[in-house]
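As the structure is a computational prediction, the values presented were derived from the model and not from experiment. Whatever order the structure lists ligands and atoms in, that order sets their numbers, starting from 1.
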Amino acid sequence: MLLSVIIPCFNEEKVIELTYAELAKQMAQHSIDAELIFIDDGSRDKTPAILKSLGEKDSNVKYICFSRNFGKESAMLAGLKYAAGDCAVIMDADLQHPPEVIPLMLEKYKEGYDQVIAKRNRAGDAAHKSFFARSYYKLVNSLVDVKMEDGVGDFRLLSRKAINALTDLNEYNRFSKGLFSWIGFKTTKIEYENQSRAAGETKWSFKNLLQYGIDGIISFNNKPLRFCFVFGFIAIIVGLLYLIIMLVNIIINGIDAPGYFTTIFIIALFGGVQLISIGVIGEYIGRIYYEVKRRPHFLVEETNATPFE
Ligand code: UDP
Ligand code: MG
């Protein structure tokens with residue numbers, strides 16, 4: 001049985017050798033037959049050079065260097081497409097996903113599970129970050145059709161069935177947390193202690209996270225569009241009621257001129273509603289635009305591996 005370990009790396013020169021050493025140690029200790037697939041997501045530091053030298057030293061190390069930074073979603077997809085294993089584990093390069101968990105995941109896999117999710121607790125995370133994350137998952141789960149869980153990241157084992165299902169989903173706007181949940185299959189969870197980054201810095205700014213958050217809501221259904229429709233409908237009803245009341249008032253009391261405030265108020269209110277609605281529609285059209293272009297998810301500049309099948 002072959003295990004593929006998929007590790008997206010973006011500017012991880014400080015930690016990558018340590019990660020490799022830890023992984024190699026775990027694989028040897030538990031005599032797991034594994035290939036380590038490192039995806040260099042267009043790093044601007046020494047990451048690609050380090051990966052190449054690891055590849056020369058160890059024939060189990062495969063590297064895929066992208067032509068530029070395509071994002072973690074694309075890097076994970078590349079890993080899944082190149083994975084030759086009977087199952088694959090996706091993990092971060094910074095040792096926040098402890099390699100010791102992998103043998104435990106494999107045990108579950110052998111029990112017949114297709115997805116083994118490693119769930120972390122949020123101990124030690126920046127307080128504001130975990131607060132936002134928790135609130136975000138509450139919001140998303142109320143909006144979206146698939147269930148997404150807080151503390152469940154991309155660290156998971158996938159069987160060959162699950163890998164094939166994921167690589168067959170060819171959408172351009174990928175939101176893995178949703179996709180993992182969408183494919184289904186027999187899924188189980190194991191818990192591990194939250195780890196902080198071994199070295200280097202996080203690649204996620206608040207702006208990235210916000211962008212990712214919007215993706216999570218928009219890529220998974222059209223409820224926001226429906227929300228616009230409902231809101232617009234309510235606005236029309238309220239507007240009509242207002243009109244009737246005013247009309248009756250005019251018939252009874254005659255026209256009284258100072259209507260300036262109310263006019264401006266209504267214009268401003270509905271201007272806002274329209275702008276929001278157009279924005280929501282724009283989000284979807286933007287996504288459709290990217291989908292129809294059918295561009296590849298990533299471009300490979302250099303690799304010592306070949307895509308599976
Ligand atoms: N990553 C990537 N491409 C990117 C950003 C991040 O491949 O554009 C990788 C990064 O190298 C790491 C993982 O995704 O292996 C998670 O990133 P990070 O640790 O910075 O995120 P955090 O753990 O802070 O959420
Ligand atoms: Mg990290």
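Using a 30° and 60° split on the angle between ring planes, Y192 and H97 fall in the perpendicular class, above 60°.
With ligand atoms numbered from 1 in the order given, ligand 1 contributes 2 (C), 3 (N), 4 (C), 7 (O), 8 (O) to contacts under 4.0 Å with heavy atoms of D41. Atom numbering of ligand 1 starts at 1 in the shown order; those under 4.0 Å from a heavy atom of Q96 are 19 (O), 22 (P), 23 (O).
Side-chain contact between E301 and D40: absent, with no pair of heavy atoms (C-beta onward) separated by less than 4.5 Å.
When every heavy atom of A88 is checked against every heavy atom of I6, the shortest pair comes out as CB-CD1, 4.0 Å.
Using modelled atom types and a 3.5 Å distance limit, the side chains of D114 and Y109 yield no donor-acceptor pair. Side-chain polar atoms of T47 and E13 form no donor-acceptor pair below 3.5 angstrom.
For ligand 1, none of its N or O atoms has an N or O atom of G71 under 3.5 Å away. Taking any N or O of A93, backbone or side chain, at least one lies under 3.5 Å from an N or O belonging to ligand 1.
The option with the heavy atom closest to atom 19 (O) of ligand 1, from among D94, N11, I7, L95, is D94.
With a heavy-atom cut-off of 4.0 Å, N69 touches ligand 1 through its side chain alone. At a heavy-atom distance under 4.0 Å, atoms from both the backbone and the side chain of D92 approach ligand 1. With a 4.0 Å cut-off on non-hydrogen atoms, C9 touches ligand 1 through its backbone and not its side chain. Residue contacts with ligand 1 for E12 involve side-chain atoms from C-beta outward but no N, CA, C or O (heavy atoms, distance under 4.0 Å).
Atom OH of Y290 has 12 or fewer neighbouring heavy atoms from other residues, nucleotides or ligands inside a 6.0 Å radius.
When distances from the Mg ion (ligand 2) to the N, O or S atoms of D94 are compared, OD2 comes out shortest.
Electrostatic pairing of K62 and E35 counts as a salt bridge here, judged by a charged N lying under 4.0 Å from a carboxylate O.
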